[in-house]
**Student:** 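The structure is given below, and queries will be raised subsequently.
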Amino acid sequence: AQKVTQAQTEISVVEKEDVTLDCVYETRDTTYYLFWYKQPPSGELVFLIRRNSFDEQNEISGRYSWNFQKSTSSFNFTITASQVVDSAVYFCALMGNTDKLIFGTGTRLQVFP
Amino acid sequence: GAVVSQHPSWVICKSGTSVKIECRSLDFQATTMFWYRQFPKQSLMLMATSNEGSKATYEQGVEKDKFLINHASLTLSTLTVTSAHPEDSSFYICSAARGSHGELFFGEGSRLTVL
(Lines give C-alpha, C1' and ligand atoms only; values in the text may rest on other atoms or scores of the structure.)
Protein backbone atom coordinates (compact mmCIF):
# COMPACT_ATOMS: atom_id res chain seq x y z
CA ALA A 1 0.00 0.00 0.00
CA GLN A 2 1.10 3.53 -0.66
CA LYS A 3 0.56 6.34 1.73
CA VAL A 4 1.60 9.94 2.22
CA THR A 5 1.41 11.58 5.61
CA GLN A 6 1.51 15.30 6.19
CA ALA A 7 1.17 15.57 9.93
CA GLN A 8 0.96 19.35 9.98
CA THR A 9 -2.59 20.37 9.22
CA GLU A 10 -2.00 24.08 9.46
CA ILE A 11 1.01 26.31 10.02
CA SER A 12 1.01 30.04 10.68
CA VAL A 13 4.12 32.15 10.43
CA VAL A 14 5.01 35.79 10.14
CA GLU A 15 6.61 37.10 6.99
CA LYS A 16 10.34 36.47 6.63
CA GLU A 17 10.26 33.45 8.89
CA ASP A 18 11.52 30.14 7.55
CA VAL A 19 9.03 27.30 7.56
CA THR A 20 9.39 23.56 6.95
CA LEU A 21 6.54 21.38 5.76
CA ASP A 22 6.93 17.72 6.62
CA CYS A 23 6.11 14.78 4.40
CA VAL A 24 6.51 11.10 5.20
CA TYR A 25 5.68 8.41 2.68
CA GLU A 26 5.20 4.66 2.54
CA THR A 27 5.70 2.47 -0.48
CA ARG A 28 6.98 -0.98 -1.36
CA ASP A 29 8.00 0.06 -4.84
CA THR A 30 11.72 0.39 -5.43
CA THR A 31 11.19 3.04 -8.06
CA TYR A 32 8.90 5.90 -7.24
CA TYR A 33 8.49 9.65 -7.56
CA LEU A 34 7.77 12.27 -4.97
CA PHE A 35 6.08 15.57 -5.68
CA TRP A 36 5.14 18.80 -4.03
CA TYR A 37 2.26 20.94 -5.25
CA LYS A 38 0.95 24.31 -4.15
CA GLN A 39 -2.77 24.98 -4.23
CA PRO A 40 -3.70 28.65 -3.84
CA PRO A 41 -7.29 29.68 -3.03
CA SER A 42 -8.15 29.67 -6.74
CA GLY A 43 -7.83 25.89 -6.68
CA GLU A 44 -5.42 25.08 -9.45
CA LEU A 45 -2.47 22.89 -8.58
CA VAL A 46 0.92 24.47 -9.08
CA PHE A 47 3.72 21.99 -9.64
CA LEU A 48 6.77 22.65 -7.48
CA ILE A 49 9.05 19.66 -7.75
CA ARG A 50 9.34 16.04 -8.81
CA ARG A 51 12.06 13.82 -7.42
CA ASN A 52 12.73 10.20 -8.30
CA SER A 53 13.69 7.65 -5.69
CA PHE A 54 17.24 7.29 -6.96
CA ASP A 55 18.11 10.91 -6.55
CA GLU A 56 18.62 11.83 -2.92
CA GLN A 57 20.35 15.08 -3.55
CA ASN A 58 18.77 18.02 -1.87
CA GLU A 59 17.46 20.69 -4.18
CA ILE A 60 17.21 24.43 -3.89
CA SER A 61 15.14 26.68 -6.10
CA GLY A 62 15.15 30.27 -4.99
CA ARG A 63 13.53 30.42 -1.56
CA TYR A 64 12.40 26.80 -1.83
CA SER A 65 14.43 23.80 -0.82
CA TRP A 66 13.70 20.12 -0.45
CA ASN A 67 15.30 17.49 1.76
CA PHE A 68 14.82 13.92 0.56
CA GLN A 69 15.92 11.18 2.96
CA LYS A 70 15.14 7.60 2.00
CA SER A 71 16.37 6.34 5.36
CA THR A 72 13.45 8.06 7.08
CA SER A 73 11.08 8.02 4.08
CA SER A 74 10.75 11.76 4.25
CA PHE A 75 10.63 14.50 1.66
CA ASN A 76 10.43 17.78 3.54
CA PHE A 77 9.93 21.19 2.00
CA THR A 78 11.37 24.41 3.38
CA ILE A 79 10.44 27.93 2.44
CA THR A 80 13.05 30.48 3.42
CA ALA A 81 12.06 34.05 4.23
CA SER A 82 8.37 33.33 3.73
CA GLN A 83 6.13 35.86 2.03
CA VAL A 84 2.39 36.48 2.15
CA VAL A 85 2.10 35.12 -1.39
CA ASP A 86 3.30 31.77 -0.09
CA SER A 87 0.00 31.34 1.73
CA ALA A 88 -1.67 28.28 0.25
CA VAL A 89 -2.26 24.60 0.82
CA TYR A 90 0.76 22.47 0.01
CA PHE A 91 0.42 18.85 -0.97
CA CYS A 92 3.07 16.18 -0.96
CA ALA A 93 2.36 13.29 -3.32
CA LEU A 94 3.75 9.89 -4.24
CA MET A 95 3.72 7.96 -7.50
CA GLY A 96 4.80 4.33 -7.59
CA ASN A 97 5.00 1.92 -10.48
CA THR A 98 1.82 3.25 -12.05
CA ASP A 99 1.08 6.85 -12.93
CA LYS A 100 -1.37 7.11 -10.04
CA LEU A 101 -0.58 10.00 -7.79
CA ILE A 102 -1.39 9.57 -4.11
CA PHE A 103 -1.74 12.83 -2.24
CA GLY A 104 -1.14 13.62 1.37
CA THR A 105 -3.80 15.47 3.31
CA GLY A 106 -2.11 18.79 2.74
CA THR A 107 -0.69 21.49 4.97
CA ARG A 108 -2.34 24.89 5.02
CA LEU A 109 0.29 27.59 5.32
CA GLN A 110 -0.69 31.07 6.39
CA VAL A 111 1.91 33.78 6.21
CA PHE A 112 0.98 36.96 8.02
CA PRO A 113 2.47 40.35 7.21
CA GLY B 1 5.25 23.82 -21.12
CA ALA B 2 2.52 21.27 -21.51
CA VAL B 3 -0.99 22.45 -20.88
CA VAL B 4 -4.05 20.60 -19.75
CA SER B 5 -7.32 22.44 -19.95
CA GLN B 6 -10.58 21.70 -18.19
CA HIS B 7 -13.98 22.98 -19.12
CA PRO B 8 -16.12 24.30 -17.60
CA SER B 9 -14.25 25.95 -14.75
CA TRP B 10 -17.39 26.05 -12.71
CA VAL B 11 -20.92 24.84 -13.17
CA ILE B 12 -24.12 25.12 -11.19
CA CYS B 13 -26.88 22.66 -11.93
CA LYS B 14 -30.14 21.45 -10.54
CA SER B 15 -30.41 18.17 -8.71
CA GLY B 16 -31.14 15.31 -11.07
CA THR B 17 -29.40 16.72 -14.09
CA SER B 18 -26.20 15.39 -15.65
CA VAL B 19 -23.06 17.42 -16.01
CA LYS B 20 -20.15 16.80 -18.36
CA ILE B 21 -16.63 18.01 -17.63
CA GLU B 22 -13.96 17.94 -20.32
CA CYS B 23 -10.24 17.50 -19.88
CA ARG B 24 -7.99 18.24 -22.83
CA SER B 25 -4.29 17.93 -23.28
CA LEU B 26 -3.51 20.84 -25.59
CA ASP B 27 -0.02 20.11 -26.83
CA PHE B 28 0.64 16.46 -26.24
CA GLN B 29 -1.10 13.14 -26.56
CA ALA B 30 -2.17 11.50 -23.34
CA THR B 31 -2.84 7.80 -23.35
CA THR B 32 -3.74 8.01 -19.70
CA MET B 33 -5.65 10.66 -17.82
CA PHE B 34 -6.76 10.74 -14.21
CA TRP B 35 -9.75 12.22 -12.46
CA TYR B 36 -9.58 13.50 -8.91
CA ARG B 37 -12.18 14.85 -6.56
CA GLN B 38 -11.57 17.32 -3.79
CA PHE B 39 -14.04 18.27 -1.08
CA PRO B 40 -13.57 21.61 0.68
CA LYS B 41 -10.47 21.68 2.85
CA GLN B 42 -9.65 18.09 2.02
CA SER B 43 -7.11 16.32 -0.09
CA LEU B 44 -7.41 15.16 -3.66
CA MET B 45 -8.81 11.67 -3.99
CA LEU B 46 -8.23 9.68 -7.13
CA MET B 47 -11.53 8.64 -8.66
CA ALA B 48 -10.50 6.80 -11.78
CA THR B 49 -7.88 6.22 -14.40
CA SER B 50 -9.00 6.99 -17.92
CA ASN B 51 -7.35 5.00 -20.70
CA GLU B 52 -7.73 5.97 -24.34
CA GLY B 53 -9.76 3.44 -26.24
CA SER B 54 -10.67 1.30 -23.26
CA LYS B 55 -12.81 1.36 -20.16
CA ALA B 56 -11.82 3.49 -17.24
CA THR B 57 -10.50 1.90 -14.09
CA TYR B 58 -12.32 3.13 -11.01
CA GLU B 59 -10.97 3.34 -7.51
CA GLN B 60 -12.69 1.45 -4.76
CA GLY B 61 -15.85 3.13 -3.60
CA VAL B 62 -16.37 5.21 -6.75
CA GLU B 63 -19.63 4.46 -8.52
CA LYS B 64 -18.89 3.85 -12.18
CA ASP B 65 -22.51 4.34 -13.17
CA LYS B 66 -22.57 7.65 -11.39
CA PHE B 67 -19.32 9.00 -12.78
CA LEU B 68 -19.07 8.09 -16.44
CA ILE B 69 -15.65 8.49 -17.96
CA ASN B 70 -14.94 8.47 -21.66
CA HIS B 71 -11.49 8.78 -23.21
CA ALA B 72 -12.36 8.80 -26.88
CA SER B 73 -9.18 10.37 -28.18
CA LEU B 74 -5.59 10.90 -27.13
CA THR B 75 -6.31 14.48 -26.16
CA LEU B 76 -9.73 14.35 -24.56
CA SER B 77 -11.26 12.66 -21.55
CA THR B 78 -14.70 13.49 -20.24
CA LEU B 79 -16.28 12.97 -16.85
CA THR B 80 -20.06 12.94 -16.69
CA VAL B 81 -21.73 13.19 -13.33
CA THR B 82 -25.08 11.55 -13.91
CA SER B 83 -28.22 12.50 -11.99
CA ALA B 84 -26.22 14.88 -9.86
CA HIS B 85 -27.18 15.48 -6.24
CA PRO B 86 -25.98 18.08 -3.75
CA GLU B 87 -23.50 15.61 -2.25
CA ASP B 88 -21.76 15.48 -5.64
CA SER B 89 -20.84 19.13 -5.26
CA SER B 90 -17.08 19.19 -5.29
CA PHE B 91 -13.95 20.32 -7.10
CA TYR B 92 -13.00 17.92 -9.88
CA ILE B 93 -9.47 17.97 -11.28
CA CYS B 94 -8.02 15.99 -14.13
CA SER B 95 -4.42 15.20 -14.93
CA ALA B 96 -2.79 13.87 -18.05
CA ALA B 97 0.31 11.72 -18.25
CA ARG B 98 2.87 12.60 -20.89
CA GLY B 99 5.11 9.65 -21.60
CA SER B 100 6.39 7.87 -18.55
CA HIS B 101 8.69 8.79 -15.69
CA GLY B 102 6.05 10.59 -13.75
CA GLU B 103 5.32 13.51 -16.05
CA LEU B 104 1.87 14.60 -15.00
CA PHE B 105 0.08 17.81 -15.87
CA PHE B 106 -3.04 19.03 -14.10
CA GLY B 107 -6.02 20.92 -15.40
CA GLU B 108 -7.31 24.04 -13.70
CA GLY B 109 -10.13 22.15 -12.03
CA SER B 110 -13.91 22.33 -12.33
CA ARG B 111 -16.07 23.40 -9.44
CA LEU B 112 -19.47 21.71 -9.46
CA THR B 113 -22.34 22.98 -7.34
CA VAL B 114 -25.54 20.99 -7.35
CA LEU B 115 -28.58 22.81 -6.01
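Numbered from 1 within each chain, the chains take letters A, B, ... in sequence-line order.
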**Student:** If you draw a 6.0 Å radius around CD in A:Gln57, do more than 12 non-hydrogen atoms from other residues or ligands fall strictly inside?
**Tutor:**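 No, the 6.0 Å shell around CD holds no more than 12 heavy atoms from other groups.
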**Student:** Under a 4.5 Å cutoff for heavy-atom pairs, which residue among A:Gly104, A:Ser42, A:Gly106 has the most contacts with chain B?
**Tutor:** A:Gly104
**Student:** Are A:Tyr64 and A:Leu109 connected into the same hydrophobic cluster when the rule is that any two of I, L, V, M, F, W, Y join if their side-chain heavy atoms are below 4.5 Å apart?
**Tutor:**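 Same cluster: A:Leu109 reaches A:Tyr64 through Ile, Leu, Val, Met, Phe, Trp or Tyr contacts under 4.5 Å.
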**Student:** Looking at A:Asn52, A:Leu101, A:Val89, which has the largest count of heavy-atom pairs under 4.5 Å with chain B?
**Tutor:**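 Heavy-atom pairs under 4.5 Å are most numerous for A:Leu101.
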**Student:** Where does B:Leu44 contact chain A at under 4.5 Å (heavy atoms): side chain, backbone, both or neither?
**Tutor:**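 Both backbone and side chain.
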**Student:** Testing the 3.5 Å rule here: is there a donor-acceptor pair between the side chains of B:Glu52 and B:Gln29?
**Tutor:** no
**Student:** Let me know if A:Tyr37 has heavy atoms under 4.5 Å from chain B in its side chain, its backbone, both or neither.
**Tutor:**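 The side chain, not the backbone.
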**Student:** Would you mind checking which part of A:Phe47 comes under 4.5 Å of any heavy atom in chain B, side chain (CB onward), backbone (N, CA, C, O), both or neither?
**Tutor:**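 For A:Phe47, neither part sits under 4.5 Å from chain B.
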**Student:** Return yes if a side-chain donor-acceptor contact under 3.5 Å exists between A:Thr105 and A:Gln6, otherwise no.
**Tutor:**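 No pair is found: no donor N or O on one side chain lies under 3.5 Å from an acceptor on the other.
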**Student:** Does any backbone or side-chain atom of B:Glu59 lie under 4.5 Å from a heavy atom of chain A? Answer side chain, backbone, both or neither.
**Tutor:**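 Only the side chain of B:Glu59 comes within 4.5 Å of chain A.
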**Student:** Working to the nearest 0.5 Å, report the span between CE of B:Met47 and OG of B:Ser90.
**Tutor:** 8.0 Å
